[in-house]
Undergrad: 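Quick one: structure below, then a few questions.
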Amino acid sequence: MSRRILLVDCDQFFVQCARLADPDGAGREELLLVGGSPSGRGVVTSASYGTRAFGVRSGMPTAQALRLCPAARVVPVPRGLCGRKSRDVRAVLERFTPVVEPASIDEAYMDMTGTEALYREPLEATAQRIRSAVLDDAAISVSIGGGASRLVAKLAAGSAKPAGVRIVEPGAEIDFMRALRLSDIPGVGPVFAAHLERMGLSTVEAALAVNEVALCQMLGRTRGRWLYRRVRGIDGGVVRPDLRSRSLSREETFPLDIDDDAALETELLALASRVAADLREHDVRARTITVKLRDADFRTRRASRTLRTGVESDRAVVATARVLLRRLRAARRSAARLLGIAASGLDGSDFGDQLALFDDDVVESVRDRQLSRVTDQLRKRFGASAIRTGRLLDRS
DNA sequence: TCTGGGGTCCTAGGACCC
DNA sequence: TCTGGGGTCCTAGGACCC
């Protein structure tokens, strides 16, 4: 039996949250842009439907959006409320099935296979009840798509927007896909779409006419097979609840580019401390630390290092990141517009003695961990400014 | 007023092991 | 002295998504 999957997608999620956060201000504003940045280098995170009529899209530089729609009001993302609303929505969804997989802050997949017998109603009716329940109990409007695969559910949700439900019945997948462009398929971004276009393929209809062998000859075996299945609405994806994240990161684009090494190290210290605090909050340790630099000319460079054992303390993360930053700076001197730090290899098991990767490997002591945990406690009780990170860390 | 911040997955080469 | 593959891990970069 084929699977019955729903994708629940919040309508203009950040706009809805901004309106809930300020009902009398943003709540009354039809032309609303959420995002931007005090630095003036921001982009639109979410644009209200009113502004989209002017050509505004999310991801667009705020300055450009305001040129298209000068009457729009710009408000910051209400981060805390967005997180709470996201959890509220998920809690409602979990009343309908335990198999809920959040795909991002504003969408989640649900595996509803078998629930038609359980609820004694078509999937369409259940989806309508889910929509109403989320609106009533979380005050968030969602659109819901349904189908035999994650791919079809996702695309159906797109066609249901805003505030609608669209279920693609089993067997109707190809006819549903036929109306789409290849660039509508998740995973076909601007680069791949342009490549396909050069080969004369821009619509799903056109790709359906090419057999699998020919597609593989055109695109290579992996991508040929991948596209052959996608245009037929097929993906191998399973809905998996309780997915743990594979990496944690923090990054910052500076209001003005920074070329001074000492100033960059100060920023590094702040970012690395935040990453380390995030690791402890999630109760994980990271074996790999990556530092990312974006130069003034927008070229992005990275350097990473995998340690023998996972780390979670401020000192170990900072010490590792500092070496990587110096290496990047030595390789190319340019003012930096962005600095970022990522932690991955989370909870990776210790590599033991199989390989002594580096003689100068950063090692984290029990004392380092205790010190960071105590700092966390103090910050929790007395506020973030209770402890100045720099003093505690400068042992390297 | 050019281009945010948080992620996932894939590829490709080299090191190293069996 | 010459000649292999296969598998895994690490690193760097890039496409892509919301």
Side-chain angles (χ1 to χ4, degrees), chain A residues 7 9-15 33-47 57-67 70 74 76-77 79 82-83 86 101-108 150-151 154 157-158 183-195 220-223 226 237 240 243-257 271 274-275 278 287-308 324 327-328 331 337-346 348-349 351-352 354-358 361:
Chain A
L7 186 271
D9 192 334
C10 301
D11 300 320
Q12 42 170 17
F13 181 62
F14 296 97
V15 169
L33 301 176
V34 181
S37 147
S39 70
R41 284 179 147 173
V43 301
V44 175
T45 298
S46 185
R57 295 289 177 271
S58 62
M60 181 179 277
T62 309
Q64 188 185 347
L66 284 172
R67 256 179 266 131
V74 183
V77 176
R79 294 245 166 247
C82 291
S86 182
E101 177 189 328
S104 72
I105 194 167
D106 70 341
E107 41 174 35
R150 293 165 63 111
L151 172 66
K154 167 86 181 155
S183 57
D184 294 331
I185 296 175
V188 180
V191 176
F192 193 21
H195 183 66
R221 196 178 159 88
T222 308
R223 290 202 299 178
W226 184 89
R240 295 163 298 179
L243 273 192
R244 311 211 66 178
S245 55
R246 308 177 68 81
S247 66
L248 289 173
S249 68
R250 294 283 185 164
E251 64 182 55
E252 187 187 356
T253 296
F254 308 122
L256 294 171
D257 297 347
L271 287 166
R274 287 169 73 190
V275 167
D278 291 342
R287 276 193 59 217
T288 304
I289 302 296
T290 302
V291 171
K292 170 163 119 181
L293 257 192
R294 177 124 71 212
D295 295 335
D297 61 2
F298 219 73
R299 179 172 152 196
T300 305
R301 301 178 294 133
R302 285 174 194 77
S304 67
R305 176 138 160 190
T306 299
L307 307 170
R308 262 173 300 219
L324 294 169
R327 190 200 300 170
L328 286 169
R337 68 174 283 138
L338 172 147
L339 177 63
I341 299 181
S344 57
L346 302 185
S349 56
F351 216 50
Q354 293 174 50
L355 274 182
L357 290 180
F358 305 98
D361 211 3

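Chain naming here is simple, since letters A, B, ... match the order of the sequence lines and numbering starts at 1 in each. Because only heavy atoms are used, hydrogens play no part in the values below, and waters and symmetry mates are left out as well, while side chains stay in.
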Undergrad: Between A/R287 and C/dC10, does any side-chain N or O lie under 4.0 Å from OP1 or OP2?
TA: yes
Undergrad: Just to verify, what does A/A157 make a side chain to side chain contact (heavy atoms under 4.5 Å, CB included) with, not counting sequence neighbours?
TA: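 A/L7.
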Undergrad: In chain order, what residues pass the side chain to side chain contact (heavy atoms under 4.5 Å, CB included) check against A/S249, with sequence neighbours excluded?
TA: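 Expected list: A/A342.
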Undergrad: Give one of base, sugar-phosphate or nothing for A/E107, where a contact means two heavy atoms less than 4.0 Å apart.
TA: sugar-phosphate
Undergrad: Strictly below 4.0 Å: does A/K292 bring a side-chain N or O up to OP1 or OP2 of C/dT11?
TA: no
Undergrad: Check the pair A/I185, A/L151 against side chain to side chain contact (heavy atoms under 4.5 Å, CB included), reporting the backbone distance first and the verdict last.
TA: CA-CA 8 Å; A/I185 296 175; A/L151 172 66; 4.2 Å; yes
Undergrad: Could you state the CZ-P distance from A/R305 to C/dT11, rounded to the nearest angstrom?
TA: 9 Å
Undergrad: Between C/dC16 and B/dG4, how far apart are the C1' atoms? Round to whole Å, please.
TA: 16 Å
Undergrad: Applying a 4.0 Å non-hydrogen cut-off, can you work out what A/F192 is touching in the nucleic acid: base, sugar-phosphate, or nothing?
TA: sugar-phosphate
Undergrad: Under 4.0 Å: is that the gap between some side-chain N or O of A/R246 and OP1 or OP2 of B/dC9?
TA: yes
Undergrad: Pick the nucleotide of DNA chain B nearest each of A/L248 and A/S58; which residue has the one closer to the 5' end?
TA: A/S58
Undergrad: Could you tell me whether A/V188 contacts a base, only the sugar-phosphate backbone, or nothing, with contacts defined as non-hydrogen atoms closer than 4.0 Å?
TA: sugar-phosphate
Undergrad: Holding to side-chain hydrogen bond (donor to acceptor under 3.5 Å, both in side chains), I want the full list of residues that pass it with A/S245, two or more places apart in sequence or in another chain.
TA: none
Undergrad: By side chain to side chain contact (heavy atoms under 4.5 Å, CB included), which residues pair with A/R246, not counting sequence neighbours?
TA: none
Undergrad: When rounded to the nearest Å, what value does the distance between P atoms of B/dC17 and C/dT3 take?
TA: 23 Å
Undergrad: Looking across every strand, which nucleic acid part, if any, lies under 4.0 Å from A/A303 by heavy atom: base, sugar-phosphate, or nothing?
TA: sugar-phosphate
Undergrad: Is any side-chain N or O of A/T62 closer than 4.0 Å to OP1 or OP2 of B/dG4?
TA: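 Indeed not, no polar side-chain atom of A/T62 lies that close.
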Undergrad: Once you apply a heavy-atom cut-off of 4.0 Å, does A/S46 come out as touching a base, just sugar-phosphate, or nothing?
TA: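 Touches nothing.
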Undergrad: Is the shortest side-chain N/O distance from A/R250 to OP1 or OP2 of B/dG5 below 4.0 Å?
TA: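 So the side chain of A/R250 is outside the cut-off, no N or O lying under 4.0 Å from OP1 or OP2 of B/dG5.
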Undergrad: Judged by each residue's nearest nucleotide on DNA chain B, which is more toward the 5′ side, A/S249 or A/R337?
TA: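 Nearest nucleotide further toward 5': that of A/R337.
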Undergrad: With a cut-off of less than 4.0 Å, is there a side-chain N or O of A/T45 near OP1 or OP2 of B/dG4?
TA: no
Undergrad: Give a yes/no answer on whether the side chain of A/T222 brings an N or O atom under 4.0 Å of OP1 or OP2 in B/dC10.
TA: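 Answer no for this pair, as no side-chain N or O of A/T222 is under 4.0 Å from OP1 or OP2.
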Undergrad: Going by side-chain hydrogen bond (donor to acceptor under 3.5 Å, both in side chains), name the residues that satisfy it together with A/S304, two or more places apart in sequence or in a different chain.
TA: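 Here no residue qualifies.
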Undergrad: Need one value for A/V191: base, sugar-phosphate or nothing, where a base atom within 4.0 Å counts as base even if backbone is also close, heavy atoms only.
TA: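 Sugar-phosphate, no base atom in range.
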Undergrad: For the residue pair A/R337 and A/T253, confirm or rule out a side-chain donor-acceptor distance under 3.5 Å.
TA: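 Absent: no donor and acceptor within the cut-off.
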Undergrad: At 4.0 Å (heavy atoms only), tell me whether A/I185 reaches a base, stays on the sugar-phosphate, or touches nothing.
TA: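 Since only primed, P, OP1 and OP2 atoms lie under 4.0 Å of A/I185, the category is sugar-phosphate.
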Undergrad: Which residue is it: A/K292, A/R274, A/R302? I am looking for the one with a salt bridge (charged side-chain N to carboxylate O under 4.0 Å, His left out) to A/E251.
TA: A/K292
Undergrad: Across the strands shown, which category fits A/R299 at heavy-atom distances under 4.0 angstrom: base, sugar-phosphate, nothing?
TA: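 No contact.
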Undergrad: Applying a 4.0 Å non-hydrogen cut-off, can you work out what A/L338 is touching in the nucleic acid: base, sugar-phosphate, or nothing?
TA: sugar-phosphate
Undergrad: Can you check whether A/S247 has a side-chain N or O nearer than 4.0 Å to OP1 or OP2 of B/dG6?
TA: no
Undergrad: As a check on the pairing definition, encode DNA chain C in dot-bracket form, counting Watson-Crick and G-U wobble pairs whose two distances are under 3.5 Å, and using | for partners outside this strand.
TA: ....||||||||||||||
Undergrad: A/D106 has an atom CG; how far is it from atom P of B/dG7, in whole Å?
TA: 15 Å
Undergrad: Rounded off to whole Å, could you give me the CZ-to-C1' distance for the A/R150 and B/dT8 pair?
TA: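 Between C1' of B/dT8 and CZ of A/R150: 11 Å.
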